[in-house]
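In this chain, residues are counted from 1 in sequence order.
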Amino acid sequence: MQYNSIQVKRDRLKFKHFQRKGYSLFCTLGREVLICTLSVATLSNAKANGISVKNMPNDSTTNMLKTEITLENVEVTGSRAPLSIRQAARMVTVLDREQIAAAPVQSVNDLLKYAVSVDVRQRGPIGAQTDVGIRGGFSEQVTILLNGINICDPQTAHNAFDFPVDLSDIERIEVLKGPAGRTYGTSSLVGAINIVTKNPSHSSADFHAEAGSFGYATVGGRVNLRQDRWNNQVSGSYIRSDGYSRSKAGHLNADYEGGKAFYQGLYDQDAVVLKWHAGLSTKGFGSNTFYSPKFDEQYERTTKFYTALQAETKNSWFHFRPSVYWNRSQDRFELIRGSETVVPFNYHRTDVFGLNLNTYFDWALGRTAIAAEFRNEDIISGNLGEPLNKKVHIHDTDRNYEYGLNRSNLSLVLEHNVILKRFTLSAGFIGVKNTWNEMPFTLYPGIDVSYRFGENLKVYASYNASLRMPSFTELYYSVGGHKADKYLKPEELQAVEAGVKYLTPAFSTTASLFYHRCRNMIDWIMRSHSEDEVWESVNHTRVNSLGFETDVMLDFQRIFPAQRYLGKLNVGYSYIDEDKHEIMGIKSRSALEYLRHKLVATLQTNITKKLSFWLSYRFQDRAGTYQDANGEVQDYSPYSLFDARLSWNEPMTTFYVEANNLFDADYVDYGNVPQPGTWIMVGAKWHINL
């Protein structure tokens with residue numbers, strides 16, 4: 001810009017990029033200022049689904065500002081009728097695109113380790129097999145969703161995180177803590193995790209590749225084509241590893257190989273939006289001593305196929321949101337790898353069909369939602385269920401599926417939301433009828449209330465009830481030292497919670513206190529005084545949990561704008577205590593093995609303009625015991641882990657090196673399954689606008 005001292009009127013000063021420097025204000029004295037970028041950003045983010053439709057580079061200061069402006073307007077599913085984060089009466093933890101891109105992780109499972117009160121228990125790395133619990137609950141009690149579609153496997157939750165999508169496909173991850181039956185139906189006893197995929201606003205292509213310790217390698221890519229009202233996206237990835245351990249015989253027993261393929265489409269017109277997806281996930285992995293310490297060459301192969309069609313009308317006051325889906329899961333387990341003549345393999349095939357009819361409408365007294373869901377779950381198996389009238393051949397084998405079980409679930413939901421300037425109330429119930437075990441029609445109510453003091457402070461309280469149907473494995477797995485009870489009752493949970501949230505661009509904090517009262521909790525136990533030491537599936541009478549969690553975020557770039565090195569610091573802590581302790585002579589497999597203490601801290605720094613560094617620390621102290629390979633009872637030992645990531649960021653390219661378990665700590669999430677030591681990876685990502 002040139003300044004002419006002869007003219008009385010000075011030239012206008014145009015800011016095309018606002019850098020938020022401390023001296024910027026002094027450069028504008030005596031000048032007419034046009035802030036072009038801010039005007040465009042404000043107009044372009046007037047939509048309710050702001051950040052969900054934008055393709056933002058990870059390290060742009062301008063885009064950080066846009067994210068903060070629109071974050072409160074992102075619709076999340078903390079209630080049956082969608083509300084913005086600002087309006088929602090329940091607290092929903094959102095892991096956004098920026099966090100996903102920056103973290104030193106290889107799977108969704110790894111990313112959830114940084115969420116407070118989320119218990120990620122790995123049997124193998126890079127997503128081989130992971131159980132995820134919330135607030136003292138275990139994996140069977142959490143609903144897993146892909147774009148709002150329930151993808152839980154009624155056979156078992158051990159492989160629930162076999163997503164067909166790669167991390168690069170994900171827009172955000174929503175974690176709803178506490179009973180979520182009113183929002184997500186059955187199985188959401190202690191919470192729900194919803195994976196939301198990207199929907200870029202323009203045509204683009206992305207590619208990535210990684211390699212590292214233990215023969216680890218992965219490659220993948222995604223192509224998105226956008227034209228007028230249509231959007232089509234295809235992605236795929238392949239991953240493999242030799243594993244980090246060997247059996248006593250010297251064979252690999254933690255190796256991994258798998259692939260993912262995903263297609264999603266969208267058609268957006270004036271009256272309706274149509275969305276659909278189809279995905280495939282397949283993997284085979286050495287199962288080490290996952291299910292029995294007596295056998296160290298177990299192996300498992302799973303294949304999962306997902307389809308869904310969703311629609312939503314765009315009427316200004318009445319919204320109809322139907323969806324239909326079909327998921328298929330196939331599983332083969334080998335107790336002794338490759339030796340079916342010694343111990344026959346276990347084969348299972350599960351099909352789940354679902355139909356959701358959701359409506360919500362706005363009127364003078366608020367927003368009302370009415371919904372109905374029908375879900376049919378069917379399994380045919382080599383050892384789970386009742387004898388089949390007609391056997392079904394198992395593909396590529398000389399065996400048949402001889403057992404099976406079919407059950408249907410009908411859910412009805414009514415919910416009303418009162419949304420005022422500072423006050424939000426969401427109340428309703430879910431009614432459930434399941435054909436299994438002649439379950440009667442049962443109502444589970446819930447109410448959430450929040451009040452906002454000014455723009456930054458919110459307090460909230462809630463009461464919610466929910467249920468969880470037993471899995472097919474809990475009902476019928478009676479082989480290999482197990483004895484199941486097909487007459488198990490559903491688990492039921494009542495929860496109360498109260499909390500506070502304070503939010504500013506530079507500092508935010510949340511704190512909550514919760515109490516869970518669970519009855520008929522299902523667990524596998526072993527009675528040491530019994531002549532036959534077998535694991536039995538049983539209903540515990542009651543388990544009560546009292547917990548506290550808090551997290552704090554500091555944005556040093558806003559607190560100290562003159563410096564550019566320190567980014568965001570996040571610290572979270574959770575504490576849980578359960579009053580149902582192990583009875584003398586009774587060993588519990590999972591229900592009483594919960595995270596008593598969890599501390600998570602992450603720090604993002606900028607070494608130079610293009611070089612960034614992420615460091616995370618995690619401390620966990622687990623309650624409960626396990627039986628080692630020698631039959632001795634051991635307490636879980638607390639452990640600390642450090643992860644780090646160094647990244648060089650160009651506008652369209654990123655190069656990085658990352659390390660998990662930086663200081664080579666020894667630890668277990670499950671007894672008898674040691675986790676890997678230091679794991680180092682290097683990788684690169686490329687983005688192309690088409």
Side-chain angles (χ1 to χ4, degrees), residues 52 55-56 58 95-114 120 122 124-130 132 144-147 149 151 159-174 193-200 204-212 216-225 231-241 256-266 277-285 302-308 327 645 647 652-656 658 660 679 681-688:
S52 298
N55 186 15
M56 300 183 293
N58 298 327
L95 304 174
D96 60 25
R97 185 191 307 176
E98 182 181 349
Q99 294 169 287
I100 296 171
V105 299
Q106 292 76 51
S107 64
V108 174
N109 322 2
D110 294 330
L111 189 66
L112 290 170
K113 295 175 184 177
Y114 303 119
V120 180
Q122 285 190 324
I126 58 176
Q129 190 181 89
T130 305
V132 177
I144 310 299
L145 305 105
L146 178 62
N147 291 323
I149 298 296
I151 61 172
N159 300 310
F161 277 78
D162 289 1
F163 294 111
V165 297
D166 190 77
L167 273 177
S168 60
D169 297 324
I170 299 175
E171 173 70 33
R172 67 181 185 273
I173 301 174
E174 302 171 351
I193 299 171
N194 184 28
I195 310 299
V196 181
T197 57
K198 293 178 180 178
N199 181 27
S204 62
D206 294 90
F207 304 95
H208 68 271
E210 286 183 354
Y216 167 76
T218 182
V219 62
R222 177 172 58 90
V223 176
N224 182 80
L225 299 176
N231 191 77
N232 291 279
Q233 186 174 178
V234 179
S235 65
S237 63
Y238 169 80
I239 186 171
R240 58 96 54 208
S241 171
Y256 178 98
E257 183 178 26
K260 302 175 185 289
F262 187 67
Y263 163 72
Q264 66 175 352
L266 178 145
H277 71 241
L280 174 69
S281 171
T282 179
K283 66 182 182 182
F285 54 95
T302 64
T303 300
K304 295 200 172 187
F305 183 64
Y306 306 90
T307 61
N327 304 325
R645 187 177 195 264
S647 176
M652 297 296 179
T653 308
T654 301
F655 300 96
Y656 56 90
E658 57 191 37
N660 298 125
W679 194 310
M681 287 147 287
V682 296
K685 299 178 181 179
W686 297 270
H687 176 79
I688 303 171

Any donor-acceptor pair under 3.5 Å from Lys283 side chain to Tyr256 backbone
no
Please walk me through it: do Gln122 and Asp110 pass side chain to side chain donor-acceptor pair (under 3.5 Å)?
CA-CA 9 Å; Gln122 285 190 324; Asp110 294 330; 2.9 Å; yes
For Thr654 and His687, run side-chain contact (heavy atoms from CB on, under 4.5 Å): C-alpha distance rounded to whole Å, both residues' side-chain angles, the deciding distance at 0.1 Å, then the answer.
CA-CA 9 Å; Thr654 301; His687 176 79; over 6 Å; no
Contacts of type ring-ring contact (aromatic ring centres under 6.0 Å, His included), residue Phe262, not counting sequence neighbours
His277
Is the shortest distance from a Lys or Arg side-chain nitrogen in Lys198 or Glu171 to a carboxylate oxygen in the other one below 4.0 Å?
no
Does some side-chain heavy atom of Phe161 sit less than 4.5 Å from a side-chain heavy atom of Ile195?
no
Minimum heavy-atom distance Val165-Ile170, with the two atoms named:
CG2-CG1, 4.3 Å
May I ask you to decide if Asp169's main-chain N or O and Asp166's side chain share a donor-acceptor pair within less than 3.5 Å?
no
Given side chains that start at C-beta, do those of Asn660 and Gln106 come closer than 4.5 Å, heavy atoms only?
yes
Roughly how far apart are Ile149 CD1 and Asn327 CG, rounded to 0.5 Å?
8.5 Å
Indicate yes or no for a side-chain donor-acceptor contact from Thr218 to the backbone of Tyr238 under 3.5 Å, with no hydrogens or angles considered.
yes
Is a side-chain donor or acceptor of Asp206 paired with a backbone partner of Lys685 at a separation under 3.5 angstrom?
no
Got Thr130 and Val108 here, is their nearest side-chain heavy-atom distance under 4.5 Å?
no
Of all heavy-atom pairs between Ala684 and Tyr656, which one has the smallest distance, and what is that distance?
N-CE2, 3.7 Å
Would a 4.5 Å heavy-atom cut-off, applied to side chains only, mark Val196 and Asn147 as touching?
yes
So which atom in Glu658 and which in Pro104 form the shortest heavy-atom distance, rounded to 0.1 Å?
OE1-CA, 3.5 Å
Candidate pair Thr197 and Leu146, rule side-chain contact (heavy atoms from CB on, under 4.5 Å), full reasoning
CA-CA 8 Å; Thr197 57; Leu146 178 62; 4.1 Å; yes
Mind checking whether Gln233 and Pro200 have side chains closer than 4.5 Å, heavy atoms only?
yes
Close side-chain approach of Leu167 to His208, heavy-atom, < 4.5 Å:
no
Is Lys113 reaching over with its side chain to a backbone N or O of Val105, donor-acceptor style, under 3.5 angstrom?
no
For Leu225 and Val234, what are the C-alpha separation, side-chain angles and deciding distance, and is it a side-chain contact (heavy atoms from CB on, under 4.5 Å)?
CA-CA 9 Å; Leu225 299 176; Val234 179; over 6 Å; no
Given Val682 and Phe655, is the side-chain contact (heavy atoms from CB on, under 4.5 Å) satisfied, shown in steps?
CA-CA 8 Å; Val682 296; Phe655 300 96; over 6 Å; no
